[in-house]
Amino acid sequence: GLIWMSPRPPSSEDWPKEPECLARRKWSLAAFPAMAELPTCETFVFLDLEATGLPNAHPEIAEISLFAIHRFSLEHPERDESGTLQLPRVLDKLTLCMCPEQNFTPKASEITGLSNQNLADNHKAGFNGAVIRALREFLKRQKSPICLVAHNGFDYDFPLLRTELQRLGADLPGGTVCLDTLPALRGLDKVHHHSTRASHGKKSYSLGNLYRRYFDDEPQAAHSAEGDVYALVMVFLHRAQELLQCVQTEAQNWDEIQPMYTPRKRRLSGGSLDA
DNA sequence: TGCCAGGCCCTCTTTAGGGCCTT
């Protein structure tokens, strides 16, 4: 006879016991099956965007930087004689600059050092087909599955990148997942907090402050895309073992990332998207 | 003219407010 394989709703027994960073996570039905099927990510692509403003300004990307690092280098960090963590093997690095059509907010221009005038003076093209092809080819060179990593990425970098891609009718390769180091690190600290409550006051989890706290040093080239990716890689590396565990349960499918805003469609420039 | 992010977290909380975090 026919055996009816009813899909069983997730029960508390299905919730991962390890790592504890997820003890307080609120599970959504949408996230659950994806988590169960998530294969081990091979490559971690750390990324950062500089853009014309914050989400309320409907920003456009002006600079993007990506460092591709294999999980092996994150699992086996190297230190120099003094014990200082060394930047892991960066397999490929891509930094692109583009002239946005949207005006920079004064604050965005101030902190990034980018401006519409300067990018136009340098005859820089916008976020176009050539950018998308470069991104795709860059990702194609990395062993999959790929996990994108960004700080506050769920609320900023990933939705904005999705918006810019959507504007040109493009998207990233299927199967890509993404991780946000901001909630991941907060979650990790929360788990251990009860034992060290009095030791630190309120901690800032901005990328710059994490870097200062972990390395007792000033981040270099802050608010350049490449400088911030460097800081992000080092911050990740400092807690790589824990964060790599979090990926299995905290990562989201790229397909589930909602665009930051609905873009006005733009004519594709910079050539066709066909490979 | 009037609009102007938003999800998460903490707390003097849950009938709420405010700060963080990203540019």
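By convention in this document, chain letters (A, B, ...) are assigned in the order of the sequence lines, proteins followed by strands, and residues within each chain are numbered from 1.
- Residue A:Phe104 is classed as having no contact, given no heavy-atom separation below 4.0 Å to the nucleic acid.
- Within the 4.0 angstrom heavy-atom criterion, base atoms lie near A:Ile111.
- B:dC12 sits 12 Å from B:dG17 when the C1' atoms are compared, rounded to a whole Å.
- Applying the side-chain hydrogen bond (donor to acceptor under 3.5 Å, both in side chains) criterion to A:Asp217, with sequence neighbours excluded, gives no partner residue.
- Spacing of C1' atoms, B:dT13 relative to B:dG18, comes out at 12 Å, to the nearest Å.
- A distance of about 27 Å separates the P atoms of B:dG7 and B:dG2, rounded to the whole Å.
- Residues meeting the ring pair (Phe, Tyr, Trp, His ring centres under 6.0 Å) test with A:Phe46, sequence neighbours left out: A:Phe236.
- Comparing the P positions of B:dC21 and B:dC4 gives an interatomic distance of 24 Å, to the nearest angstrom.
- Counting non-hydrogen atoms under 4.0 angstrom, A:Ser109 reaches nothing in the nucleic acid.
- Residues from residues 47-59 of chain A lying near DNA chain B, meaning a heavy-atom separation below 4.0 Å, are A:Asp48, A:Leu49, A:Glu50, A:Ala51, A:Gly53, A:Leu54, A:Pro55, A:Asn56 in numerical order.
- Residue A:Asn209 is out of contact with every strand shown, counting any heavy-atom pair closer than 4.0 Å.
- For residues 54-82 of chain A, the set of pairs meeting the ring-ring contact (aromatic ring centres under 6.0 Å, His included) definition, not counting sequence neighbours, comprises A:His58-A:Tyr261, A:Phe72-A:His76.
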Give each protein N/O atom lying under 3.5 Å from an N/O atom of nucleotides 11-13 of chain B, with the pair distance.
none

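- Partners of A:Tyr205 by ring pair (Phe, Tyr, Trp, His ring centres under 6.0 Å), not counting sequence neighbours: none found.
- Of the candidates B:dC9, B:dT23, B:dT22, B:dC9 carries the atom nearest the A:Lys190 side chain, counting heavy atoms from C-beta on.
- Rounded to whole Å, the P atom of B:dG6 lies 25 Å from the corresponding atom of B:dT1.
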